Each structure stands twice: as C-alpha cells, then as structure tokens.
Amino acid sequence: MPDSQPQPPANPGGDATPPAVVPGDGALVLCGARLADGRTVDVRLSGGHIEAVGTAGSLAPGPRVDLGGYLLLPAPAEPHGHGATALTAEADGPVSYAAEDVQRRATEAALLQLGHGATALRCHVRIGDVQGLRSLEAVLQARRALRGLTDLTAVAVPRLLTGAAGADGLALLRDAVKMGAAVGGCPDLDPDPTGFAETALDLAAEYGCPVDLHTDGSDPARLARLAAMAGGLRPGVTLGPCGGLARLPRDLAVRAAGQLAAAGVTVVCLPQGDCGTLEQRGARVSRCAPVRLLRAAGVRVAAGSGALRDAANPVGRGDPLEAAFLLASHGELRPEEAYEAVSGWARAAMGLPRVRVEAGFPAELLAVRGERVEGVLSMAYSRLVVHKGRVVARTSAVREYCDGSAAAALELPRQSSRGGGEPS
C-alpha cells in the first residue's frame with residue numbers, strides 16, 4: 001500500500017512493521033519485490049553481489065526480507081556532497097573546523113544520505129588556508145569509520161593553484177592526492193582559471209586519479225578551453241554544477257554542450273540548489289544546469305544534492321530522490337531517466353560499477369514503498385537500503401487518520417487488521 005493511503009487507527013501497522021533487518025553477511029533473499037519493469041521477484045544476495053533473480057517464491061529458503069509492496073531499484077549514489085560543512089546552518093557563532101567536529105559532521109551527513117538510499121558518496125573538502133589538510137584528514141577518518149555501511153570518497157578543493165599564491169595550494173593538493181583524495185577545485189576563483197585547470201588536470205594525469213572541478217559554466221570561452229584540455233584524460237573529468245550554462249543564449253549553450261560531449265566530460269548538476277563553493281560577489285543566481293540540452297548533445301549528466309543544511313542551503317535535504325523529483329517535475333528528464341541520473345549515471349561519474357537487479361551485479365539496492373518510479377519520486381517515505389549485500393539502513397513512515405465515513409464511503413484501500421500489517 002502506498003504511504004499516502006488511509007490507515008485505520010486500530011492498526012498502526014503497515015510501515016510501522018516494515019521489512020525486518022536481517023543481520024549477518026551471509027546469503028539473504030529479498031522476497032516479493034516489484035521491479036521497475038513490473039515483475040514481482042525474489043532476489044538472492046551473497047558475497048556482496050546479486051546471486052540470483054527468480055519469480056516470487058522460487059528461491060531456496062534462508063534469511064529473508066519481505067519486500068511486498070516495495071519497488072526494488074539500483075541504489076542511488078551522491079556524486080557531489082559537502083560533508084565537512086554539512087549541518088552547520090544553525091550553528092551559534094563561527095563554524096568549528098576542529099578535526100572531531102568535521103569528522104562528526106561528515107559522518108552524520110553520510111549516514112543521513114545513506115538513509116535516503118545513497119550507498120556511495122563523494123565529498124568535496126576544502127584544503128589550505130589555516131586548516132591545511134586537517135579537514136581532509138577528518139573526512140578520511142570518517143570514511144574509515146563508515147566502512148561496511150557506505151563508500152565515502154573525498155575530493156580535495158584548494159583555493160588557488162597558480163602564481164606565487166598558488167604554490168602552497170599545489171603542494172597541499174599533491175599531498176592530498178597521495179592520501180587518497182581526487183583532484184578538485186574551483187578554476188573560476190583563481191586569477192588564472194585556465195592555468196588552474198591545466199595544473200589540476202596535469203596532476204591528475206600524473207597520479208591517475210579522477211578530476212572533479214567546480215565551475216558555474218557561464219563563460220563559454222573558458223568552458224571550451226577546459227573541455228579541450230580535458231579531452232582524452234582518463235579516468236575522466238567531472239564538472240559541476242554548471243548552472244551558468246542555463247543563463248547563456250541557447251546557441252552558445254548548445255555549442256558548449258557539444259564541446260563537453262566531444263571531450264567526454266561528465267556534468268553533475270544540482271537540482272536542489274548551489275553548493276556555496278562558487279563564491280561570487282553580489283547576489284548569486286542559482287539555477288540548475290540545462291540537463292535536457294546537455295543530454296541532447298550527448299553529455300553524460302548525473303545529479304547530486306550539493307549543500308546539506310549549511311550556509312549555502314539551510315534546508316538542503318541531501319536526498320537523491322528529491323534531486324530526481326526536481327528533474328522530473330521541471331520537465332528536464334522523464335521519471336525513469338531522472339532516477340537514473342542519481343543512480344546509474346551518478347555511479348558512472350564516480351567510477352563505480354554499474355548496478356542492475358540481475359544476477360552478477362553488485363548488491364547495491366534501494367527498496368522504496370510504492371509500485372512505479374513516478375510514485376516513488378512523489379512519495380518516497382519508507383525505504384530499505386542494501387549495501388554490499390547487507391541491509392544497512394531502514395526508514396519507515398506511518399500515516400494515520402482518525403475514523404471517518406469518507407474513506408469507507410469511497411471504499412479506499414485500507415490497511416487490514418490482520419497480524420503483520422499485510423495489505424488487504
């Protein structure tokens with residue numbers, strides 16, 4: 001039963017008694033799940049992968065999770081988070097960047113996003129200034145603490161990379177890469193944006209690590225130079241949030257999109273709003289990148305959440321399904337494509353293997369109360385999250401209405417009073 005349907009007060013069951021979390025790392029069977037293609041199946045997980053998918057009731061018994069009434073999907077991923085500054089919007093006084101506070105925020109943010117379904121998270125972290133590498137070290141410590149629950153990776157974001165002022169930033173970025181971070185930064189904020197991008201790309205090529213740069217994308221000439229430099233670099237280049245592309249004249253935006261596509265660059269848009277890393281003078285106009293235009297040009301586009309209740313967005317939720325909802329509701333993508341932007345396309349942007357609900361694929365899954373992707377994006381309240389074949393998070397929502405004649409008169413679907421809260 002969808003979460004929005006009435007429930008009688010006599011039985012607050014339904015999602016009050018959601019699928020049980022089965023502990024352990026052995027084989028697990030997800031029973032009676034609905035897939036996006038309409039089939040109802042059992043899915044057996046083992047060794048962190050999907051071992052088998054069969055018709056409902058066909059797989060051998062063992063530890064089981066009943067997913068009747070749930071839609072089973074590849075898990076989302078978060079390609080653009082800011083865990084070091086998350087959850088600071090309501091701070092009294094200056095934000096603390098003590099290592100223990102950064103680690104706590106990064107951990108809490110990752111767990112919140114895991115509860116939403118994201119089993120992998122890319123966290124952009126400032127380096128330099130008075131903090132040096134301390135914030136990055138704290139995020140990497142959070143990564144170690146979260147191992148087995150979610151995969152957290154870091155992107156080091158220096159302020160400057162060129163000239164005498166950028167020498168320290170380059171040295172810190174090199175150290176950050178040696179610690180395991182990807183190369184990041186904001187070319188738009190450097191006095192020499194092209195020199196910044198060239199330095200970042202050269203360093204990534206030297207160490208064979210990903211590049212994920214912040215840019216507004218509002219300067220077509222600068223974007224063209226960046227695309228030309230990025231072309232052919234492996235393991236790849238990601239840009240975001242590129243909201244400025246939506247403010248360009250259409251012909252310039254189409255030309256820029258073609259250049260990004262030819263270079264194999266991935267764009268991560270932020271439908272929920274900017275992330276605050278792109279500090280600009282005066283009023284900031286935040287707008288999502290033109291996803292439909294980019295996709296039409298052949299650009300790989302993923303969607304992220306950006307700010308999570310920090311100064312850039314004090315109400316940011318960090319919910320991939322909300323990002324997909326916004327893309328679909330604004331007409332940028334169809335609902336299925338919008339979900340793919342926060343799941344398959346997001347995982348590809350992060351260099352992660354593809355997930356399908358088929359044998360042999362990684363067991364990175366999200367079960368959401370509902371029947372179709374459209375309904376899930378509209379009312380995605382109750383969720384069960386699987387990471388490496390293990391149930392790692394569960395959110396259950398209960399909606400109750402007082403007794404009344406309206407529901408009975410209309411014969412709306414109701415929760416039965418049978419044990420276990422099974423739909424009638």
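Just so you know, residue 1 is the first one in the sequence shown, and it goes up from there. Owing to the predicted nature of the structure, the values given are computational and were not obtained by experimental measurement.
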With the side chain counted from C-beta on, respond yes when [X] and [Y] share a heavy-atom pair under 4.5 Å apart, and no when they do not.
X    : Y    : value
D202 : E198 : yes
R122 : T238 : yes
C209 : V183 : yes
Y339 : P76  : yes
P187 : L213 : yes
H214 : C275 : yes
R247 : S218 : yes
P353 : R347 : yes

Can you confirm whether more than 12 heavy atoms, excluding those of R309, are under 6.0 Å from its CZ atom?
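No.
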Between Y207 and R174, is there a cation-pi geometry (under 6.0 Å to ring centre, at most 45° from the normal)?
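Output no; distance or angle outside limits.
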Please find the pair of heavy atoms, one from [X] and one from [Y], that lie closest to each other, and give the distance.
X    : Y    : value
V139 : A106 : CG2-CB, 4.2 Å
V373 : L71  : N-CD2, 3.7 Å
R64  : L28  : N-CD1, 4.1 Å
A363 : L45  : CB-CD2, 4.0 Å
S305 : Q272 : OG-NE2, 3.3 Å
F196 : L160 : CE1-C, 4.1 Å

Does [X] use its side chain to pair, donor to acceptor, with the backbone of [Y] at less than 3.5 Å?
X    : Y    : answer
D212 : G184 : no
S329 : F325 : yes
D42  : A56  : no
D190 : L161 : yes

Using atom types as modelled, flag every donor-acceptor pair under 3.5 Å from a side chain in residues 292-302 to any protein atom, sequence neighbours excluded.
| residue | atom | partner | partner atom | Å |
| --- | --- | --- | --- | --- |
| R292 | NE | G331 | O | 3.4 |
| R292 | NH2 | G331 | O | 2.5 |
| R300 | NE | T266 | OG1 | 3.2 |
| R300 | NH2 | G264 | O | 2.5 |

Throw together a table of side-chain donor-acceptor distances under 3.5 angstrom for residues 145-155, partners on residues two or more places apart or in other chains.
| residue | atom | partner | partner atom | Å |
| --- | --- | --- | --- | --- |
| T150 | OG1 | T119 | O | 3.1 |
| T153 | OG1 | L121 | O | 3.4 |

Between [atom1] of [X] and [atom2] of [Y], what distance do you get to the nearest 0.5 Å?
X    : Y    : atom1 : atom2 : answer
N313 : L308 : CG    : CG    : 9.0 Å
T194 : R225 : OG1   : CZ    : 4.0 Å
M179 : L136 : CE    : CG    : 4.5 Å
T40  : E371 : OG1   : CD    : 9.0 Å
I127 : E137 : CD1   : CD    : 11.0 Å
M379 : R399 : CE    : CZ    : 5.5 Å

Could you go through the side-chain contact (heavy atoms from CB on, under 4.5 Å) check for Y97 and R105 one step at a time?
CA-CA 10 Å; Y97 285 94; R105 291 196 296 264; 3.8 Å; yes
Check each of L366, L365, V392 against H387 using the side-chain contact (heavy atoms from CB on, under 4.5 Å) test, and report the only one that passes.
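Exactly one option meets the side-chain contact (heavy atoms from CB on, under 4.5 Å) with H387, and it is V392.
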V43 and side-chain contact (heavy atoms from CB on, under 4.5 Å): which single residue from L59, L67, V65, V53 fits?
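Testing V43 for a side-chain contact (heavy atoms from CB on, under 4.5 Å) against L59, L67, V65, V53 leaves exactly one candidate, V53.
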Do we see a donor-acceptor contact under 3.5 Å between the side chains of D192 and T162?
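No, no side-chain donor-acceptor pair sits under 3.5 Å.
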Would you say the side chains of T215 and D188 form a donor-acceptor pair under 3.5 Å?
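Yes.
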If you apply the rule side-chain contact (heavy atoms from CB on, under 4.5 Å), what do you find for L321 with R383, and how did you get there?
CA-CA 11 Å; L321 269 62; R383 310 182 192 187; 4.0 Å; yes
So L223 and Q259, side-chain contact (heavy atoms from CB on, under 4.5 Å) or not? Walk me through it.
CA-CA 8 Å; L223 205 58; Q259 292 164 339; 5.7 Å; no
Just do the side-chain contact (heavy atoms from CB on, under 4.5 Å) check on V342 and H116 with the steps written out, would you?
CA-CA 12 Å; V342 300; H116 292 318; over 6 Å; no
Sequence neighbours excluded, which residues qualify as side chain to side chain contact (heavy atoms under 4.5 Å, CB included) partners of A341?
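Counting only residues at least two positions away or on another chain, A341 forms a side chain to side chain contact (heavy atoms under 4.5 Å, CB included) with A303, L327, L333, W345.
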